[in-house]
Amino acid sequence: MTITEIGNELVNIAETLARVISELTSLAGSVTKLSTALKADEFGSPAPKAPQKKTPELAEVRALLAEVSRGGKTAEVKKLLESHGCEKLSEIESEFYEELMEKARALL
């Protein structure tokens with residue numbers, strides 16, 4: 001190998017190293033941006049959602065309303081049912097059970 005060939009080879013190596021350094025610099029910038037975004041998200045994102053409550057069963061609601069009724073508040077229990085447009089507990093949609101139970105607990 002001649003000195004000229006060695007020189008050319010060294011130039012090729014230097015050019016390759018320059019491209020590698022350029023790519024690494026670009027990668028470092030991307031990592032910095034990503035890190036900044038992740039930190040902002042870590043502190044700026046809303047808290048994780050709490051697990052959803054289990055919908056009360058009809059029997060649970062019925063037991064609570066019976067307890068309130070036994071406590072002498074039968075008329076109030078009837079008003080609670082009527083506030084949902086119903087005469088009987090079985091006519092109320094299950095999506096309203098939790099609300100109904102909260103109001104019944106307030107009567108205890």
Side-chain angles (χ1 to χ4, degrees):
M1 190 176 247
T2 66
I3 298 228
T4 305
E5 291 172 335
I6 293 172
N8 288 339
E9 193 64 31
L10 288 174
V11 168
N12 287 339
I13 291 171
E15 289 173 347
T16 301
L17 285 174
R19 283 193 303 272
V20 168
I21 290 170
S22 174
E23 291 296 322
L24 287 173
T25 302
S26 175
L27 179 61
S30 296
V31 169
T32 301
K33 287 178 184 177
L34 178 61
S35 175
T36 302
L38 289 173
K39 284 180 184 176
D41 185 51
E42 180 179 319
F43 297 107
S45 63
K49 292 182 179 179
Q52 291 184 339
K53 291 183 181 179
K54 174 181 95 64
T55 302
E57 297 291 323
L58 176 62
E60 295 174 82
V61 181
R62 181 171 281 125
L64 179 60
L65 292 179
E67 182 182 348
V68 172
S69 201
R70 282 191 302 271
K73 299 193 178 180
T74 304
E76 287 85 346
V77 169
K78 187 173 181 176
K79 285 181 185 177
L80 280 177
L81 296 175
E82 289 172 351
S83 72
H84 288 277
C86 301
E87 290 183 22
K88 300 180 201 175
L89 176 58
S90 59
E91 297 172 347
I92 295 179
E93 296 292 325
S94 61
E95 65 189 64
F96 298 109
Y97 287 174
E98 184 63 38
E99 175 189 340
L100 189 60
M101 287 183 77
E102 287 176 18
K103 290 178 181 179
R105 285 185 195 109
L107 296 172
L108 288 174

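The first residue of the sequence shown is numbered 1, and numbering continues consecutively from there. From a predicted model like this one, the values you see are computed outputs, not experimental measurements.
Counted within 6.0 Å of CD on Glu91, heavy atoms from surrounding residues, nucleotides or ligands total more than 12; the atom is thus considered enclosed.
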In a table with atom names and distances, give each donor-acceptor pair under 3.5 Å that connects a side chain of residues 9-33 to protein atoms at least two apart or in another chain.
from	atom 1	to	atom 2	distance (Å)
Thr16	OG1	Asn12	O	2.9
Thr16	OG1	Arg19	NH2	3.3
Thr25	OG1	Ile21	O	2.8
Ser30	OG	Ser26	O	3.3
Thr32	OG1	Ala28	O	2.9

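Across every non-hydrogen atom of Lys54 and Glu60, the tightest pair is NZ-OE2, 3.3 Å. Contact between Ser69 and Val77 at its shortest, heavy atoms only, is N-CG2, 4.1 Å. Residue Ile92 comes nearest to Cys86 through the heavy atom pair CG1-SG, 3.6 Å, listed as atom of the first residue, atom of the second, then distance. Across every non-hydrogen atom of Thr55 and Ser94, the tightest pair is CG2-O, 3.5 Å.
Of the inter-residue distances, the one linking Lys88 atom NZ with Leu81 atom CG reads 11.5 Å to the nearest 0.5 angstrom. A distance of 10.5 Å separates CZ in Arg70 from CG in Leu65, rounded to the nearest 0.5 Å. Interatomic distance, CE of Met1 versus CG of Asn8, reported as 9.0 Å (0.5 Å rounding). The OG atom of Ser90 sits 7.0 Å away from the CG atom of Leu58 when rounded to the nearest 0.5 Å.
Contact of the Leu64 side chain with the Arg105 side chain is registered, since non-hydrogen atoms from C-beta on lie closer than 4.5 Å.
No donor-acceptor pair under 3.5 Å is formed between the side chain of Glu99 and the backbone N or O of Phe96. In this structure a side-chain-to-backbone donor-acceptor pair under 3.5 Å is missing from Lys103 to Leu80.
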With side-chain contact (heavy atoms from CB on, under 4.5 Å) as the test, would you mind laying out the steps for Glu76 and Val68 before giving the verdict? CA-CA 9 Å; Glu76 287 85 346; Val68 172; 5.5 Å; no
